[in-house]
Amino acid sequence: MTSLQVLQATPPHLSSPKTQISPLRGIESCSTMAELKQLHSQVIRLGLAADNDAMGRVIKFCALSKNGDLGYALQVFDTMLHPDAFIYNTVMRGYLQCHLPRNCIVLYSQMLQDSVTPNKYTFPSVLRACCSYDAIGEGKQLHAHVVKLGYGADGFCQNNLIHMYVKFQSLEEARRVFDKMPRTDAVSWTTLITGYSQCGFVDEAFEIFELMPEKNSVSWNAMISSYVQSDRFHEAFALFQRMRVEKVELDKFMAASMLSACTGLGALEQGKWIHGYIEKSGIELDSKLATTIIDMYCKCGCLEKAFEVFNGLSHKGISSWNCMIGGLAMHGKGEAAIELFEKMQRDMVAPDNITFVNVLSACAHSGLVEEGQRYFQSMIEVHGIEPRKEHFGCMVDLLGRAGMLEEARKLISEMPMSPDVGVLGALLGACKIHGNVELGEHIGKRVIELEPENSGRYVLLANLYANVGRWEDVANVRRLMNDRGVKKVPGFSMIELEGVVNEFIAGGGAHPQTKEIYAKVDEMLKCIRSAGYVPDTEGVLHDLDEEEKENPLYYHSEKLAIAFGLLKTKPGETLRISKNLRVCKDCHQASKLISKVFDRDIIVRDRNRFHHFKRGECSCKDYW
DNA sequence: CTAGGGTTAG
């Protein structure tokens, strides 16, 4: 009887009338630090300067709220003689929020030294702190503490442990924690799913997803975005379809993932649908989502719509600017990209390193050599941004494309960091364009050894040899590829019609309307022949870059897609094709003529950029 | 107190 009374009685040091005092409750509803400081001094005058409850509230506001001030929180914290676990937890969360994970861990050990026992709210933040700087040793110790203090069944602690091991890429450990949990929830499952997928085990992630008992929209999105991030867009679409059938809410994260899927495929109609859904469902258009939409329109070949969304933004984030500039660059509109870049600065948005990658690549794609050089110079001199490898890569590309191979080589030798495959690859590409075998051979071999699994590098070197008739060397490269088991990426083209994605592979016959399509190709070629088309048979033999040379040139996937587009659309409609490799020379020539003879605009997205074919001309001005 | 989304050259 007595013991129960003791338990129910309020301990003497907490039994002040302060809960009735208004300044304490006012602290939570503060909106500025000035307001808070006033309340803080009132509370001190009431004699509560050492009171954990009162100071805990003050610290919580300073450390965690949007208008807080971690420095002030720390000052208050330092005055506390016996801060309790809540206060420690709060300051640790504050450190985490300010991206000071190390301080968070240090504070945890201080907490232990001060003999304050961590509670179940302590571990989520400390474990997350370990994640953010790969503190594996500390993480394992914390795991032991969690168990020792009896939180082996606490969902929050356990889920954070799973998350931590996932971050460390220790799937076995993550799995062990998961399997030991007496009760798992959606968070545990979803964390495991993203873990498997981030380690490259997307199929295993899907198996887990299927086993999961109660899927919510976060779990659905985790799986969908796993597919998107591993370029498995069709599976993303299929899962999305299933999700819609099961009436799961489409929220902004899901919308973002599906927009990326559309971007990946170049599926404009589907992308428009998601965009429309966002508008009519009132999903909040934050700056991330806006950027995703803009990117979708840019990469699906619709710059007008991208601009429409971009111009409609009241607050344009740096990513939105970057995205738009990059979009213009991809479409070969170098001058417009530069113009937008200047406008961005007039709007007082400071460019970052990504901005410069895009600006430099805009110059490279449009042959604006001097402008590019000037902007490269200005990075340090005007903007105080140190050029990175990517920027050197852009410059090598810029110079190389323009035929200034010697300058490009010189730039590489002057780079303050060692050139990566990207930089060397840009030079190799330039050697291919300008037929410089000597330099190309040297760079090509280096690049292949740096990235022996990348088929594109072998193909490029083989092409270089083929262009000058060094067939023996071509054969050697091919043999090397075979010996190492490196497979060429098969080429395909896609055209979306009425929201349906149609994919073609060179010489393929999987499409239900194969016969009609091939007939249309033949008709198409007959028509452009009379307009002067001569098949680039040289390319058939030599150009291993694009699609299997065994496949007849006439039936490259791009031509099949165009033929299908002509069959299925009305006169005057623009055809939009996207493909996974670069446009080959012959398809490029054919597309130009088709655009003229059939009076159709054709927009082709290739691996690197866009080609707008119109009245017999291409927007790339054959500079690609 | 825990899980899901954006912009980066070749």
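As the structure is a prediction and not an experimental result, all values here were calculated from the model. In the text below, chain A, chain B and the rest are named by the order of the sequence lines, each starting its count at 1.
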Residues in side-chain contact (heavy atoms from CB on, under 4.5 Å) contact with [X], at least two apart in sequence or another chain:
X: A:Arg409; result: A:Glu406, A:Leu427, A:Leu439
X: A:Leu64; result: A:Lys60, A:Thr90, A:Arg93, A:Gln97
X: A:Asn103; result: A:Tyr95, A:Leu100

With a non-hydrogen cut-off below 4.0 angstrom, is [X] in contact with a base, only sugar-phosphate, or nothing?
X: A:Thr191; value: sugar-phosphate
X: A:Ala290; value: nothing
X: A:Gly393; value: base
X: A:Ser226; value: nothing
X: A:Ser217; value: base
X: A:Val228; value: nothing
X: A:Gln198; value: nothing
X: A:Asn216; value: base
X: A:Arg388; value: nothing

Minimum-distance pair of heavy atoms, taken over all atoms of A:Ile224 and A:Ser257:
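Looks like CG2-CB, 4.2 Å.
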
With side chain to side chain donor-acceptor pair (under 3.5 Å) as the rule and sequence neighbours excluded, what pairs involving residues 451-460 of chain A come up?
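Listed once each, the pairs are A:Glu451-A:Asn454, A:Glu451-A:Arg457, A:Tyr458-A:Arg484.
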
Considering only residues two or more places apart or on different chains, which pairs with a residue in residues 384-398 of chain A satisfy side chain to side chain donor-acceptor pair (under 3.5 Å)?
A:Asp397-A:Arg401

Extract, from 5' to 3' on DNA chain B, the first and final nucleotides lying under 4.0 angstrom from some heavy atom of chain A.
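Answer, 5' to 3': B:dC1 to B:dG10.
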
